[in-house]
Every structure is written in structure tokens, then in C-alpha cells.
Amino acid sequence: MTTPEEWRGKQVLITGATGFIGRHLVRRLSGARAQIFAAASPSHGPAPRPAETKPTLQRLAFDIRDAVAVRSTLDEVKPDIVFHLAAVGVTNPSVDPMLALMVNGGGVINLLEGLRGRRMERVVLVGTCHEYGASTEDGGLDPRNAYSASKVAAWAFGRMYWRAHRLPVTTVRPFQVYGPGQSERALIPSAVKAALTGEDFPMTPGKQVRDFVFVEDVVDGMLAAALSDAAEGKSLDLGTGRGSTVLHAVERIWQLTRAKGQIRAGALSYRTGAAMNLVADADRTYQETGWRARTFLEEGLQATVHQLIPGER
């Protein structure tokens with residue numbers, strides 16, 4: 001795990017800074033006294049409250065599809081390290097394919113082209129485990145929807161810019177991320193909300209195996225990937241290396257909250273082309289970065305439940 005001293009004073013640009021993972025990353029680096037430039041689309045995210053304003057944090061707004069705005073921002077910031085999280089379709093796999101390609105594919109081209117020729121330490125591109133498609137077992141990429149396909153395109157351009165232009169690019173692929181502050185459209189917070197309100201929870205049969213990884217661990221992994229010399233040019237999984245079924249995770253939430261509603265497993269059908277087995281190669285990531293996830297599912301679910309209990313935030 002990296003230390004705060006390693007980040008003190010670094011110029012760090014974070015795109016997609018108002019998203020779930022982005023907010024946690026901003027908070028962590030702010031505590032480490034990095035000079036953070038937190039960027040988001042002009043149409044996303046609330047303005048910062050006075051209490052959030054710190055000398056080490058500046059908020060920026062630009063559209064990642066606007067190559068001129070991207071280059072202008074890079075000229076202003078002169079980042080040492082970039083974390084690129086800006087994307088569409090994270091919670092909407094059926095996002096319009098052209099929009100996904102323009103934002104997720106075209107956006108990364110604008111960023112990498114703007115960085116080409118600059119002196120910097122690392123560009124961390126944040127992908128998704130769903131680039132693997134049906135399973136991680138064969139190690140190949142096989143996207144099943146517009147979102148994951150656009151992320152594969154972003155990975156490919158990152159790889160090309162590393163090889164052709166020697167940009168220090170690393171791609172990380174978070175697995176089933178969960179934790180406090182996540183949108184209720186995601187599985188874990190939607191199940192927790194139903195459990196706490198006594199509602200039934202309709203879901204698929206829940207036999208999909210997922211690598212549930214706590215958001216704070218994901219942030220640790222991203223920071224480690226940014227500072228590891230061995231990680232340059234690599235694509236690394238951010239997960240625990242342990243799989244649990246979706247039904248098991250929901251059942252644990254029910255037990256933790258003593259929920260009164262019913263888990264209606266099988267009330268919904270699996271999504272077309274849904275992956276059934278997505279588990280990270282945690283050992284390879286450890287070899288390249290020294291990072292491992294430390295939060296067990298039980299502990300992470302307890303923290304998430306606690307955050308959503310009224311009056312306990």
C-alpha cells in the first residue's frame with residue numbers, strides 16, 4: 001500500500017471525480033496532501049460546499065469529448081499523474097453505442113493525445129471487469145454490451161499510446177465494486193435499501209459468481225498501480241481473487257439487517273449475455289504492485305449497511 005508521503009505535492013488530475021470511485025479517490029488523495037484537480041462534465045456533480053474547499057483541491061469542469069478543452073486543461077494543470085475515470089454506461093450497460101464510443105473511446109483518445117510528449121509519471125485508465133465477457137477463465141477480452149465494448153476500445157488505445165509514444169499508461173479493471181456512497185441503481189445498495197425498508201427484493205436467480213471488492217480497497221489498488229514501476233504498460237485486475245454468488249451477497253445483507261421482506265430470487269431474468277463467472281487475477285496484480293484487497297465481504301457489507309441506516313451517516 002502506498003503512503004501519504006509518496007503523494008504529498010504531486011499534481012494529480014482525476015477525471016470523473018464526482019462518480020462513486022472518483023469521490024473516494026479525491027478524499028484519499030486530499031488527505032495525503034496531493035495537489036488534486038478534480039474534473040467532471042459540466043452537466044454532472046454538485047458544486048462543492050465551502051467545507052469541501054481545500055487549498056490542495058481545485059474543481060474543474062470540461063467535456064472529455066472536447067479535444068480543445070482537454071488540451072487546455074492539461075496545459076493548465078501539468079499533471080504528474082492522471083486517473084481517468086470519466087465514462088458513461090457504468091450503471092447502464094444498454095447505453096447508446098455511439099454515445100459510449102464517443103465518451104469512453106473518443107474521450108480517452110483526446111486525453112492521451114493531449115498528454116503525448118509531456119513529461120509525466122503515469123496515466124491510470126480505469127476499465128471494467130466486464131471487458132472479459134462471459135468469464136475471466138480464458139483471460140481474453142470478449143465484451144457483451146456497448147459499455148464494455150467501448151472500454152475495450154479505450155484499453156486498446158491506451159496500449160497503443162504506450163507502445164507507439166511511450167506514454168506511461170496502466171489500465172486497471174475493477175471488479176464488483178461496492179461500498180458507502182454508491183448509487184442505489186447498483187446491486188448492493190439497492191438490496192440494502194430494500195432490506196432496511198422491509199421491501200421484497202426481486203432479482204435474478206443469483207447464481208452469477210462475482211468478485212465483490214470494497215471501494216476503499218479499489219482506491220488502494222489504483223494508487224499502487226500509479227506508483228509501481230512494474231505496472232507501466234500492464235493491464236491489472238482490481239479484485240479480491242475470491243468469488244461469491246450474487247444470491248449469497250444478498251442473503252448476507254438480509255442476515256445483517258434482519259430484513260422482513262422476501263428475497264425473490266428468480267423473479268427477474270438474467271441479462272442477455274450475462275457473465276456467469278468474473279473473478280479477478282489477484283495474484284498477478286500483487287506481483288506487479290504489491291497490492292491486495294484487505295476487506296472481506298462481511299466487513300464491507302457491514303460498512304455499507306451502516307452508512308445507509310438513517311441517522312448513522
Side-chain angles (χ1 to χ4, degrees), residues 18-24 44 46 87-96 100 128-130 132-136 144-148 174-218 238-240 242-280 293 295-313:
T18 58
F20 171 47
I21 298 175
R23 294 194 308 274
H24 284 267
H44 292 101
V88 295
V90 178
T91 58
N92 178 25
S94 61
V95 62
D96 177 71
T128 171
C129 64
H130 293 285
Y132 291 117
S135 172
T136 57
R144 300 300 179 96
N145 55 51
Y147 169 66
S148 57
F175 275 62
Q176 195 79 18
V177 188
Y178 70 99
Q182 190 173 26
S183 166
E184 290 181 358
R185 290 177 291 181
L187 171 70
I188 295 298
S190 63
V192 171
K193 179 183 178 183
L196 293 175
T197 56
E199 300 173 6
D200 289 351
F201 187 67
M203 59 177 290
T204 69
K207 294 182 180 180
Q208 314 98 303
V209 175
R210 294 289 184 266
D211 190 334
F212 292 93
V213 58
F214 194 58
V215 64
E216 294 296 342
D217 284 336
V218 170
L238 297 184
T240 66
R242 299 180 295 271
S244 301
T245 66
V246 168
L247 180 58
H248 171 75
V250 174
E251 288 175 338
R252 291 303 299 135
I253 291 170
W254 249 242
Q255 292 166 0
L256 287 169
T257 59
R258 299 177 182 176
K260 304 300 183 183
Q262 299 296 313
I263 300 172
R264 295 175 52 206
L268 304 178
S269 300
Y270 292 119
R271 284 176 176 163
T272 302
M276 295 304 293
N277 185 28
L278 291 177
V279 179
T295 308
F296 289 102
L297 181 59
E298 183 87 8
E299 179 186 353
L301 290 177
Q302 287 177 339
T304 305
V305 167
H306 178 78
Q307 186 264 346
L308 289 174
I309 294 175
E312 296 197 15
R313 297 191 183 189

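Taking both residues in full, the closest heavy atoms of Ala293 and Val213 are given as CB-CG2, 4.3 Å, listed atom of the first, atom of the second, then distance. The two residues Trp254 and Phe201 have their closest heavy-atom pair at CH2-CB, 3.5 Å. Minimum heavy-atom separation, Pro205 to Ala265: O-CB, 4.2 Å. Here the closest heavy-atom approach between residue Pro180 and residue Ala303 is recorded as CG-O, 4.0 Å. Taking every heavy atom of both residues into account, Ser244 and Phe212 meet most closely at O-CE1, 3.7 Å. Smallest separation of non-hydrogen atoms from Val215 and Gly179: CG1-CA, 4.1 Å.
With a 4.5 Å cut-off on side-chain heavy atoms, Met203 and Val250 count as touching. Under the 4.5 Å side-chain criterion, counting only non-hydrogen atoms from C-beta, Leu256 is in contact with Glu298. For the pair Val279/Val209, a side-chain contact is recorded, criterion being any heavy-atom separation below 4.5 Å from C-beta on. For the pair Gln176/Asp211, no side-chain contact is recorded, criterion being any heavy-atom separation below 4.5 Å from C-beta on. The shortest distance between side-chain heavy atoms of Phe214 and Thr304 falls below 4.5 Å. Residues Leu301 and Tyr178 meet the side-chain proximity criterion, which asks for heavy atoms closer than 4.5 Å.
In this structure, the separation between CE on Met276 and NZ on Lys207 is 8.0 Å, given to the nearest 0.5 Å. The line from CG of Asn145 to NE2 of His130 is 8.0 Å long, rounded to the nearest 0.5 Å. His248 NE2 to Leu297 CG: the interatomic distance, rounded to the nearest 0.5 Å, is 5.5 Å. To the nearest 0.5 Å, atoms OH (Tyr132) and CG (Leu278) are separated by 9.5 Å.
Among residues two or more places apart in sequence or in another chain, the side chain to side chain donor-acceptor pair (under 3.5 Å) test is passed with Glu216 by His24, Arg28. Legend: residues meeting side chain to side chain donor-acceptor pair (under 3.5 Å) with Glu251, ordered by chain and number and at least two apart, are absent. A search for side chain to side chain donor-acceptor pair (under 3.5 Å) contacts involving Thr245 returns nothing, not counting sequence neighbours. For Thr204, the side chain to side chain donor-acceptor pair (under 3.5 Å) criterion is met by Gln208, not counting sequence neighbours.
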Does the pair Ile263 and Leu247 meet the rule for a side-chain contact (heavy atoms from CB on, under 4.5 Å), with working shown?
-> CA-CA 9 Å; Ile263 300 172; Leu247 180 58; 4.1 Å; yes

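For the side chain to side chain donor-acceptor pair (under 3.5 Å) condition, no pair includes a residue of residues 259-270, sequence neighbours left out.
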Could you tabulate the donor-acceptor pairs under 3.5 Å formed by side-chain atoms of residues 185-194, not counting sequence neighbours?
from   : atom 1 : to     : atom 2 : distance (Å)
Arg185 : NE     : Ser183 : OG     : 3.3
Ser190 : OG     : Ala186 : O      : 2.9
Ser190 : OG     : Leu187 : O      : 2.8
Lys193 : NZ     : Glu184 : OE1    : 3.2

